[in-house]
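As C-alpha cells, the structure follows; a few thoughts come after it.
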Amino acid sequence: MIEPSEKAQALIADLQAFIAQEIKPIEAREQLDWGRPHPRALLADIWRRACERGFYNAMLPEALGGRGLSVVDLCALKEAALLTGSPLAPHVLGELSGPPRIGHLFKVASDDQAERFLRPVCQAERAVCFAVTEAEAGSDVSALQTSARREEDGYVFNGTKRYISGAPYADIAVLIARVEGSHGSDGITAFFVDLHGEGVSVETDYQVMSGPGSHGDIVLRDARVPVANRIGEEGQGFKLAMGRITLNRLLHCATMLGMAGLALNLSLDHARTRMQFGKPIAMFQAVNHMLADMATELYAARSMMFATAALNDEGGDIKVQASMCKLFCSETAFRIADRAVQVHGGAGLIPGHPVEWLFRATRMMRILTGTSEIQRNTIAKGLLMPAR
C-alpha cells in the first residue's frame with residue numbers, strides 16, 4: 001500500500017490529537033449527535049480553533065498558507081479525519097465551508113476578490129459554499145437556468161440553486177449563472193455572491209438523507225451583484241465549474257473510504273463485545289464473514305485510490321481512473337456501511353448511532369460529485385475514445 005509522506009504522517013498525528021483533546025470534549029459537552037444540525041456559532045468556533053492550529057488551511061498549497069501536501073497525502077489526511085469518529089472532523093479541515101472549496105480560485109480571482117472573499121475564508125472569518133446545482137440542472141451543468149441580466153453597474157440575478165451543501169452557514173457563494181441571451185455553456189459565468197445581500201435568501205425547509213442543517217436552497221429575486229464580483233470573463237464559468245472535477249472526484253473517495261473504515265472499526269468493536277448465546281457475535285461465521293468481506297473490499301478500494309493519487313502526483317492523466325475510483329469507492333463504501341448496520345442489528349437502526357448515519361451518508365455519495373451512471377459514461381468514453 002502506498003504510504004503518505006513523513007510530513008503528512010506527522011500532520012495526521014497532530015490532527016488526531018487535536019480532535020481527541022479539543023473537539024471530542026466539545027461534542028460531548030454540547031451533546032452533538034451524528035446527523036443533527038450544528039449551531040453556526042459552534043461551527044465558527046471550531047473553524048477558528050482549527051485555523052489557529054494550522055489544520056483549517058492544511059489542504060492548500062504552501063504558497064497560500066497550506067502544508068503543500070501531495071494528492072496521496074491529501075487522501076490520507078481526509079481519510080484519517082473521518083476515522084477519528086468525530087462528527088465535526090470535516091469542519092476541522094474546512095471541507096464543508098472553508099479553504100479547500102476556494103483554494104483553486106486564487107489562480108483566477110482578481111487581487112481585490114482575493115482580499116474581499118478568499119482571504120477571509122482562509123482566515124476562518126467567513127464561510128463559503130459552491131452553488132451550481134438546480135432543480136433541472138444536476139449532471140447537465142449546461143442546462144442551468146439561474147439568470148444574470150447585465151446592467152451598467154453589475155448584474156441582476158433571478159433563480160434558485162438547489163441542494164447546496166454548506167449554504168445554511170455560508171456567508172458567500174461561488175455561484176454559477178447564465179448571462180441572459182446566451183445559450184448552452186457559452187454564457188455560463190461564475191460570481192461571488194453575498195448571501196446576506198438584498199434579494200438573496202437561503203431556504204432550509206427540507207433535509208437530505210445525511211440529516212438537517214448542512215444543505216439548503218439559495219433563492220435569488222432581483223439580487224444585484226456588482227461587476228467586480230464576476231470571476232473571470234463572461235462565459236468562463238462552465239470551465240471553472242468543471243476544471244477541478246477530476247481531482248475532486250478522487251479526493252471525495254478519501255471521505256467515502258474514511259466513512260467505510262469507521263463503519264468497519266465500529267463493527268469490529270461491536271462484534272467483539274456483543275454477546276449472544278453466551279459468546280461474542282464475532283465467533284459466528286455469518287458475522288465474521290461479513291467483517292472479512294468489509295475489510296477485503298475496503299483494502300481493494302483504498303489501493304485503487306492511492307494508486308490513482310500517486311499517478312496524479314507523477315503527472316499522469318487520471319480522468320478515467322478518477323471516475324473509476326469514484327464509482328468503485330462510493331459503491332463499496334455503501335456496501336460496507338450496509339453490512340455495518342447488519343452487524344449492529346437493532347442498535348444500527350437508531351438515529352444518532354454512527355453506523356445509521358454512515359449508511360445514509362454513504363448512500364448519498366453514489367449521487368454527489370457525479371452519479372455512478374455519469375462515472376460509467378466517463379469511463380466508457382475514455383475506453384472507447386481515448387485521448388491522443
* Are Glu151 and Arg149 close enough for a salt bridge, meaning some N to O gap below 4.0 Å? -> yes
* **Donor on one side chain, acceptor on other, Glu134 and Thr146, under 3.5 Å** => yes
* **Stepwise salt bridge (charged side-chain N to carboxylate O under 4.0 Å, His left out) test for Glu125 and Arg48** => CA-CA 8 Å; Glu125 295 170 355; Arg48 179 187 56 78; over 6 Å; no
* Test Glu297 against Arg335 for salt bridge (charged side-chain N to carboxylate O under 4.0 Å, His left out), laying out the working first. => CA-CA 9 Å; Glu297 292 188 17; Arg335 286 194 299 272; 3.0 Å; yes
* Would you indicate whether the side-chain heavy atoms of Met259 and Trp357 approach each other to under 4.5 Å? => yes
* Among all residues two or more places apart in sequence or in another chain, which pass the side chain to side chain contact (heavy atoms under 4.5 Å, CB included) test with Ile102? -> Leu105, Phe106, Leu118, Val121, Cys122, Val128, Val174
* **Intermediate values then yes/no, salt bridge (charged side-chain N to carboxylate O under 4.0 Å, His left out), Arg274 and Asp269** => CA-CA 9 Å; Arg274 170 64 168 164; Asp269 290 342; over 6 Å; no
* Polar contact flag, side-chain donor to acceptor under 3.5 angstrom, Ser165-His215 -> no
For residues 342-352, which side-chain N or O atoms pair as donor and acceptor with protein atoms under 3.5 Å away, sequence neighbours left out?
from   : atom 1 : to     : atom 2 : distance (Å)
His344 : ND1    : Ala340 : O      : 2.9

* Check: Arg29 side chain, Gln31 main-chain N or O, donor-acceptor pair, under 3.5 Å -> no
* Classify the ring geometry between Phe334 and Phe359 as parallel (under 30°), tilted (30 to 60°) or perpendicular (over 60°). => tilted
* Give a yes-or-no answer on whether the side chains of Gln375 and Ser323 include a donor-acceptor pair shorter than 3.5 Å. => yes
* Asked: Taking ILVMFWY side chains as joined if any heavy atoms are under 4.5 angstrom apart, and letting links pass through other members, which residues group with Phe157?
  -> Tyr155, Ile164, Leu175, Val179, Phe191, Val193, Leu195, Val200, Val202, Ile218, Leu220, Val225, Val227
* Check the side chains of Ser5 and Asp73 for a donor-acceptor pair under 3.5 angstrom, ignoring hydrogens and angles. => yes
* Asked: Are Ile12 and Leu93 in one and the same hydrophobic cluster, where Ile, Leu, Val, Met, Phe, Trp and Tyr link if side-chain heavy atoms are under 4.5 Å apart?
  -> yes
* Asked: Quick check: does any side chain N or O of Arg101 sit under 3.5 Å from a backbone N or O of Glu95, one acting as donor and the other as acceptor?
  -> yes
* **salt_bridge(Arg221, Glu203) N-O dist < 4.0 Å** => yes
* Asked: Are Lys161 and Phe130 in a cation-pi setup, meaning NZ or CZ lies under 6.0 angstrom from the ring centre and within 45 degrees of the ring axis?
  -> no
* Asked: His353 and Trp34: side-chain donor and acceptor closer than 3.5 Å?
  -> no
* Asked: If you count the non-hydrogen atoms of other residues, nucleotides and ligands that lie under 6.0 Å from CD in Gln285, is the total more than 12?
  -> no
* Asked: With a distance cut-off below 6.0 Å to the six-membered ring centre and an angular limit of 45° from the axis, does Arg162 pair with Tyr206 as a cation-pi contact?
  -> yes
* Asked: Would the number of heavy atoms belonging to other residues, nucleotides or ligands and lying under 6.0 Å from NZ of Lys7 be above 12?
  -> yes
* Within a radius of less than 6.0 Å around CE of Met209, do more than 12 heavy atoms belonging to other residues, nucleotides or ligands occur? -> yes
* Asked: Taking the six-membered ring for Trp, are Trp47 and Tyr56 parallel (under 30°), tilted (30 to 60°) or perpendicular (over 60°)?
  -> tilted
* Structure fact -> In this structure, CG of Asp194 is separated from CG of Asn229 (nearest 0.5 Å) by 8.5 Å
* **N/O donor-acceptor pair under 3.5 Å between Glu52 side chain and Arg49 backbone** => no
* **Exceeds 12 heavy-atom contacts within 6.0 angstrom, atom CG of Asp111** => no
* To do: For the residue pair Lys326 and Glu331, establish whether any side-chain heavy-atom pair is separated by less than 4.5 Å.
  => no
